[in-house]
Protein chains: 2
Amino acid sequence: MSEVQPDEHKIFELLQALHKEIGPKFERCAGMTPTRFRLLQELYRISEISQISLQKLLEIDAAAVTRHLKGLEENGMIARRNNPADNRVTLVSLTGQGREHINAYRENKTEFISDLLNGFNEQERTVLAEMLTRLQYNINLL
Amino acid sequence: MSEVQPDEHKIFELLQALHKEIGPKFERCAGMTPTRFRLLQELYRISEISQISLQKLLEIDAAAVTRHLKGLEENGMIARRNNPADNRVTLVSLTGQGREHINAYRENKTEFISDLLNGFNEQERTVLAEMLTRLQYNINLL
DNA sequence: CCTAATTCGTTGACCCGTCAACTAATAATT
DNA sequence: AATTATTAGTTGACGGGTCAACGAATTAGG
C-alpha cells in the first residue's frame with residue numbers, strides 16, 4: 001500500500017527541474033515572461049477589467065499584479081484608468097502595442113508548446129493532461 | 001502534423017500551476033524549501049563537499065548556494081571550513097542538527113510525494129516519469 | 001619567476017512570487 | 001449622519017532564482 005518506488009522521487013524532481021527550464025525558454029520565444037504573456041492574453045479576450053479581477057484570473061498576489069502592470073505600462077503594453085463609478089478600482093486594458101505583441105507572438109507560444117510536446121501523440125497528450133490534473137487534485141488536498 | 005489541440009496549452013498551464021502549489025505544500029511537510037532540503041540530502045550522502053560541487057549537483061546559481069548556506073549555517077544545519085589544500089574552496093558539511101533534520105523529515109518527504117501521487121499505480125507512475133523525462137528532453141533542445 | 005588566465009566564492013542589482021501594513025474609497029450599521 | 005467594516009490598490013520586506021562584477025587564491029605560460 002505505502003510502498004514507495006524510486007520513481008516517485010524522480011517524478012518530484014522532474015517536475016521541479018522541468019519548471020526551471022520552461023520559464024527562460026518560454027521567454028525567449030514569447031518575448032516576455034509566462035505570467036506577463038498570460039496577463040496580456042487575458043486582456044486580449046476581455047478588453048477591460050479591474051485589477052482585482054485580473055488578479056483572480058491569474059491567481060497571483062495583488063502585489064505582483066501591481067508590479068507587472070507597472071512594468072507593462074512602462075513598455076506601453078497596457079493602459080490603466082480609474083473606474084469613474086468606483087474610485088477604488090483601476091481598469092486595465094491592452095494598448096495597440098500590447099495587442100500587436102500578442103498577435104505577433106501567439107504563434108510562437110503555440111509553437112513553443114508544440115515543441116515541448118514534440119513526439120507526444122494525441123492519446124499521450126490526453127493521458128499527460130489527465131495525469132497532471134490528478135496531481136493538481138492531489139496537491140490541493142494537502 | 002502541426003495541429004495544436006487545446007490540450008497542449010492546458011498541459012503548459014498545468015505544469016505552471018502545479019509547480020506553484022508544490023513549493024509551499026512541500027515546505028509545510030519537510031520543514032524547509034525543496035531546494036534546501038535537497039541540499040541537505042546531498043550533504044547527507046556525501047558528508048563533505050566544496051560549494052562549487054554542491055552548486056553543480058543542485059544545478060542552481062553559485063550566488064543562490066552562497067545564500068542558502070548562509071541561512072542554513074545560521075540555523076545550525078551546516079558547517080563550513082576552508083580547504084587547507086586550496087584556500088579558494090569552502091568545504092561544507094552537515095551538522096548533527098542538519099543530520100537530525102533529514103532523519104526527522106525524510107519520512108515526511110516520502111509521504112508528501114506519496115500523497116502527491118496518490119491514486120497512481122505503478123504503471124502510471126512509470127508512464128508519468130517517462131513522459132516528464134521526454135518533456136525535459138524536448139525543452140533542452142530549445 | 002613573474003605575469004596572465006582561471007577558479008571559487010561573495011556581493012549587488014534585478015525579476016517574480018509571497019505576506020503584512022497601509023491609504024483611499026465605498027458599503028454597511030446603528 | 002456618523003461610525004465602522006470591507007474592498008482595491010500600493011508599498012516595503014522577504015525568499016528564491018538569475019546575471020554581472022569583483023577579490024582572493026591558484027594554475028598556466030612566456
Side-chain angles (χ1 to χ4, degrees), chain A residues 15-28 30-40 48-75 77-93, chain B residues 15-28 30-40 48-75 77-93:
Chain A
L15 283 169
Q16 307 265 114
L18 213 42
H19 176 266
K20 218 184 69 178
E21 314 258 20
I22 284 179
K25 295 283 174 66
F26 178 89
E27 193 167 358
R28 270 186 21 203
M32 65 178 51
T33 278
T35 299
R36 288 198 177 188
F37 200 88
R38 206 150 60 85
L39 193 159
L40 258 47
E48 195 170 42
I49 189 177
S50 70
Q51 287 193 202
I52 186 86
S53 307
L54 196 50
Q55 184 230 317
K56 284 167 187 162
L57 278 175
L58 300 175
E59 294 181 294
I60 61 177
D61 194 87
V65 173
T66 293
R67 283 158 193 148
H68 280 304
L69 292 176
K70 182 167 172 285
L72 290 166
E73 195 170 30
E74 283 165 2
N75 295 351
M77 297 287 188
I78 62 111
R80 295 197 277 181
R81 68 185 186 97
N82 264 32
N83 183 346
D86 184 342
N87 274 304
R88 289 170 301 182
V89 351
T90 310
L91 297 173
V92 189
S93 56
Chain B
L15 283 169
Q16 307 266 115
L18 212 42
H19 177 265
K20 218 183 71 178
E21 315 259 19
I22 285 180
K25 295 284 173 66
F26 179 90
E27 192 167 358
R28 271 187 20 203
M32 66 178 51
T33 278
T35 299
R36 289 197 176 189
F37 200 87
R38 208 151 60 85
L39 194 159
L40 258 48
E48 196 170 41
I49 189 177
S50 69
Q51 286 193 203
I52 185 85
S53 306
L54 197 50
Q55 184 230 318
K56 283 168 187 161
L57 278 176
L58 300 174
E59 293 180 296
I60 61 178
D61 193 89
V65 173
T66 292
R67 283 157 193 148
H68 280 303
L69 292 176
K70 183 168 173 283
L72 290 167
E73 195 171 31
E74 284 165 2
N75 295 352
M77 296 287 188
I78 61 111
R80 295 199 276 183
R81 68 185 185 96
N82 263 33
N83 183 345
D86 184 342
N87 275 303
R88 287 170 303 182
V89 351
T90 309
L91 297 173
V92 190
S93 56

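Lettering follows sequence order; numbering is per chain, from 1.
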Separation of C/dT18 C1' from B/K25 NZ (nearest whole Å):
15 Å
Give every pair of a protein N or O atom and an N or O atom of nucleotides 15-19 of chain D that lie under 3.5 Å apart, one pair per line with the distance.
| unit_1 | atom_1 | unit_2 | atom_2 | d |
| --- | --- | --- | --- | --- |
| D/dG16 | OP1 | B/T33 | OG1 | 2.6 |
| D/dG16 | OP2 | B/R36 | NH2 | 3.3 |
| D/dG17 | OP1 | B/T35 | OG1 | 2.4 |
| D/dG17 | OP2 | B/H68 | NE2 | 2.1 |
| D/dT18 | OP2 | B/D61 | N | 2.5 |
| D/dT18 | O4 | B/R67 | NH1 | 3.1 |

Please produce a list of atom pairs where a protein N or O lies less than 3.5 Å from an N or O of nucleotides 3-5 of chain C.
none

Taken to the nearest whole Å, NZ/B/K70 to P/D/dC14 is 11 Å
Give a yes/no on whether any side-chain N or O of A/Q51 is located under 4.0 angstrom from OP1 or OP2 of D/dT10.
yes
Between CD1 of A/I22 and C1' of C/dC16 the distance, given in whole Å, is 16 Å
side-chain contact (heavy atoms from CB on, under 4.5 Å) between B/V92 and B/V65, intermediate numbers included:
CA-CA 11 Å; B/V92 190; B/V65 173; over 6 Å; no
Of all residues at least two apart in sequence or in a different chain, which pass the side chain to side chain donor-acceptor pair (under 3.5 Å) check with B/R38?
none
Under the rule for side chain to side chain donor-acceptor pair (under 3.5 Å), what residues qualify as partners of B/D86, not counting sequence neighbours?
B/R88
Hey, does A/I49 have a side-chain heavy atom less than 4.5 Å from the side chain of A/L57?
yes
Over 60° means perpendicular and under 30° means parallel, so classify the ring planes of A/H19 and B/H19, tilted if in between.
parallel
Given side-chain contact (heavy atoms from CB on, under 4.5 Å), test A/L39 with A/M77 step by step and report yes or no.
CA-CA 11 Å; A/L39 193 159; A/M77 297 287 188; over 6 Å; no
Under 4.0 Å between a side-chain N or O of A/R80 and OP1 or OP2 of D/dA8?
no
Do any N or O atoms of the protein come closer than 3.5 Å to N or O atoms of nucleotides 24-26 of chain D, and which pairs are they?
| unit_1 | atom_1 | unit_2 | atom_2 | d |
| --- | --- | --- | --- | --- |
| D/dA25 | O3' | B/N87 | N | 3.4 |
| D/dT26 | OP1 | B/N87 | N | 2.8 |
| D/dT26 | O4' | B/R88 | NE | 3.4 |
| D/dT26 | O3' | B/R88 | NH2 | 3.4 |

Under 4.0 Å: is that the gap between some side-chain N or O of A/T66 and OP1 or OP2 of D/dG9?
no
Using whole Å, report how far CD1 of A/I52 lies from P of D/dT6.
15 Å
Could you grab the distance from atom CD1 of A/I60 to atom CG of A/L54, nearest 0.5 Å is fine?
7.5 Å
With a 4.5 Å limit on heavy-atom distance, are the side chains of A/L72 and A/M32 in contact?
yes
By the side-chain hydrogen bond (donor to acceptor under 3.5 Å, both in side chains) test, which pairs, at least two apart or in different chains, include something from residues 48-64 of chain A?
A/E48-A/R81, A/S50-A/S53, A/Q51-A/R80
Starting at atom CG of B/L91, determine the distance to atom C1' of C/dG9, rounded to an integer number of angstrom.
13 Å
Interatomic distance, A/L57 CG vs D/dA8 P [rounded to whole Å]
14 Å
Does A/R28 have any side chain to side chain contact (heavy atoms under 4.5 Å, CB included) partners at least two apart in sequence or in another chain, and if so, which?
A/K25
Can you sort out the partners of A/K70 under salt bridge (charged side-chain N to carboxylate O under 4.0 Å, His left out), two or more places apart, ordered by chain and number?
A/E74
